[in-house]
Amino acid sequence: MSTEKPTEKNASNSKSAAPTTAITPTRAENYPEWYQQVVRAADLAENSDVRGCMVIKPWGYALWENVQRVLDRMFKDTGHKNAYFPLFIPLSYFEKEAEHVEGFAKECAVVTHHRLAPGKKADGKMGLIPAGELQEPLVVRPTSETIIGASFSKWVQSYRDLPLLINQWANVVRWEMRTRLFLRTTEFLWQEGHTAHATSEEAMVETLKMLEVYADFAENWMAMPVLKGEKTEGERFPGAVNTYCIEALMQDRKALQAGTSHFLGQNFAKASDIKFSDANGAVSFAWTTSWGVSTRLIGGMIMTHADDDGMVLPPRLAPSHVVIIPVTHKPETAQAVLDYCNRLAADLRRIPYAGRTIDVEVDARDIRGGDKAWQWIKKGIPLRVEVGPRDMEQDSVFMARRDRAHKDKQSLKRDDFVATITTILEEMQSGLFARAKAHREHNTKRVDSRSEFEAFFGARNDAEAEDGAGGTASVVMGGFALAHYCPDPKIEEELKTKFAVTCRCLPIDGAEEPGKCIFSGKPSTRRAVFAKAY
RNA sequence: CGGGGUGUAGCUCAGCUUGGUAGAGCGCUUGCUUCGGGAGCAAGAGGCCGCAGGUUCGAAUCCUGUCACCCCGACCA
């Protein structure tokens, strides 16, 4: 994380002095506010008039479309098919799995009427009021296990119908108390995979396979390093037997759960009556899984890569890879420069990269060049290329990379640029990953006693201490703590209350290592990961 | 649902204590000068001050009610 502060020059000069960073406040000054400002400055999304719901703007939606395109390919390559199920779930379906209902009951939007009629509203004025009450209320899906289960029970008769491997791209609604753009919104976009298998082993293989797909995507496409692990009982998906997750460490050292994969055992099969006859004619319940990632991934990319000048996009998922900025302030050469830029754009657009072709913006808007360049910096486009009359004469371009200082530009022969652009983008992609991974390693600590644990995180009411300057707490204490731990809901409850710390997961790649639980002293064979979390 | 707070121009807010009928910055439009760089100067557009009552000659300002949103908790992909 940068520790840059506004310089004295900035503080003492008149308002005409350019700020030292494009985003105010900086990450160090106020991380949550910085996050909001990046989302806005990068033109990714904005709050809507609907409580807790966001408008995803074209630049942000294009990023999501790239996430979708790549993941969708991965799902299909692992044998899954897409389908679509209703937004509305009859209340009775929801009640079938006891833990599931209990887990989601507090955050459901419920449809009770199907029409509007003129009438007197609660404030006494005339207007439209709901009419035509439904016999059975409909729940707007917070997740689709139950309604997909209803279909699965019809589709599955024989062991020959298994495995059933389905994915759905959809929106879901969870009526959260507090929302934040991309990280937690009332309505969000996601994919949910739902599968049914003949055996427990097969379902478990599927659960872990999809966790692997998510980890692969996070690391190789988002350039976001993740830990794979299993959730403890208290953090489990309502109704699941086991929940696995990928956890990433953000720049403020808080953890973000970036994806989950659940082994549902036979719980949902029993609730939805998903049964099949095996080769011997014996009837048994199927074993099911479900797994999902959401638009939260975009929040993860922001908090992993963005800096005090705005968004930094991983090239493989960037909506556009390069913006060409024609320098056309001399009227006599303006058209020639523009033509030159368009020809360059056309050549670039033929180059294959990361499963598509290079996407190019030619920004010929009639606004000042500096302003234009800064807008693209804030949007996080990987490469900016300026082309003016002088460059054109020498058949060269002036290139700036988003992963370097904004004044650090280099002149390249046009043909060399075209020939090396994918190499440059790949270098940036791996550079982002390496930087994020170094940040995580730097903020991961092996903790061997309770006192060490407490020192690492600080007590919850140390909020002021977390924020050197006083005022808005922005820098979180801690990071990932690796500690021997024997899962116990009571301990987790206490950690949450006292330190705002949760057990993120029991890593599945963690090496076996004998030790003692730092809380109970009981023997343990592996370390768990603890952190403050989003 | 508990505890705080705020509703005034597209955005961020000042004005309210001590009522006299609307302000700033940013953004937007136009002109001139600048410009391989987040420009300067000038002019301009834009608001029945959340809503409903009340007090008053007069309410953004005082009183009552109401709605909405925000922050801190419990919950969360």
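Letters A, B, ... are given to chains in the order of the sequence lines, protein chains preceding strands, and every chain is numbered from 1.
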Salt-bridge criterion met for Lys490(A) and Asp488(A) (N-O under 4.0 Å):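 Result for this pair is no, no salt bridge flagged.
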
Take atom [atom1] in [N] and the same atom in [M], then report the distance between them in whole Å.
N      : M      : atom1 : value
C51(B) : A60(B) : P     : 11 Å
G4(B)  : G46(B) : C1'   : 35 Å
C49(B) : G15(B) : C1'   : 10 Å
G7(B)  : A45(B) : P     : 27 Å
U61(B) : G20(B) : P     : 11 Å
A22(B) : C67(B) : C1'   : 25 Å
U34(B) : C69(B) : C1'   : 44 Å
A9(B)  : U55(B) : C1'   : 30 Å

Sidechain-backbone polar pair: Glu176(A) side chain, Glu107(A) backbone, donor-acceptor under 3.5 Å: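 Judged by distance alone, no pair lies under 3.5 Å.
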
d([atom1], [X]; [atom2], [N]) in whole Å:
X         : N      : atom1 : atom2 : answer
Ile367(A) : G38(B) : CD1   : C1'   : 10 Å
Asp366(A) : U30(B) : CG    : P     : 9 Å
Leu71(A)  : A77(B) : CG    : P     : 19 Å
Tyr214(A) : A77(B) : OH    : C1'   : 10 Å
Asp371(A) : C28(B) : CG    : C1'   : 13 Å
Leu189(A) : A77(B) : CG    : C1'   : 12 Å
Leu297(A) : A77(B) : CG    : C1'   : 9 Å
His194(A) : A77(B) : NE2   : C1'   : 13 Å

Closest approach of Lys254(A) to Tyr534(A) (non-hydrogen atoms, all atoms of both residues):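 Scanning both residues completely, I find the closest heavy atoms to be CB-CE1, 3.5 Å.
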
Where Pro389(A) and Val337(A) come nearest, the two heavy atoms and their spacing: N-CG2, 3.8 Å

Sequence neighbours excluded, every pair satisfying salt bridge (Lys or Arg N to Asp or Glu O under 4.0 Å) that has a member inside residues 207-219 of chain A: Glu212(A)-Lys228(A)

Residue pairs passing the salt bridge (Lys or Arg N to Asp or Glu O under 4.0 Å) test where at least one lies in residues 328-344 of chain A, sequence neighbours excluded: none

Which nucleotide in [options] has an atom nearest any side-chain atom of [X]:
X         : options                : value
Trp374(A) : A77(B), G38(B), C75(B) : G38(B)
Lys496(A) : C75(B), G38(B), G36(B) : C75(B)
His329(A) : G38(B), G36(B), A77(B) : G36(B)
Glu107(A) : C35(B), C75(B), G38(B) : C75(B)

Partner residues of [X] under the salt bridge (charged side-chain N to carboxylate O under 4.0 Å, His left out) criterion, sequence neighbours left out:
X         : result
Glu247(A) : Lys231(A), Arg504(A)
Glu46(A)  : Lys57(A)
Lys413(A) : none

Under 4.0 angstrom, heavy atoms only, what part of the nucleic acid is [X] near: base, sugar-phosphate, or nothing?
X         : value
Glu176(A) : base
Leu183(A) : base
Thr260(A) : nothing
Arg40(A)  : sugar-phosphate
Thr243(A) : nothing
Lys330(A) : nothing

Phe188(A)-A77(B) aromatic stacking (under 5.5 Å, under 30°):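 Phe188(A) ring centre within cut-off of A77(B) base, planes near parallel; stacks.
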
By ring pair (Phe, Tyr, Trp, His ring centres under 6.0 Å) - contacts of [X] (at least two apart):
X         : value
Trp291(A) : Phe75(A), His80(A)
Trp175(A) : none
Tyr35(A)  : none

Residues in contact with RNA chain B, drawn from residues 388-409 of chain A - heavy-atom cutoff 4.0 Å: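 Gly388(A), Pro389(A), Arg390(A), Asp391(A), Lys409(A) - these, ordered by number, are the residues of the stretch whose heavy atoms sit under 4.0 Å from the strand.
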
Residue pairs involving residues 387-404 of chain A (criterion side chain to side chain donor-acceptor pair (under 3.5 Å); sequence neighbours excluded):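 Found Asp307(A)-Arg402(A), Tyr340(A)-Asp395(A), Arg401(A)-Asp403(A), Arg401(A)-Glu427(A).
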
Got a list of protein N/O to nucleotides 32-34 of chain B N/O distances below 3.5 Å?
residue, atom, partner, partner atom, Å
U34(B), O2, Arg368(A), NH1, 3.4

Met399(A) and Arg384(A), any side-chain heavy atoms less than 4.5 Å apart: no

Dot-bracket line, read 5' to 3' along RNA chain B, where crossing pairs take [ ] and | marks a partner on another strand, Watson-Crick or G-U under 3.5 Å: (((((((..((((......[..)))).((((((.....)))))).....(((((..]....))))))))))))....

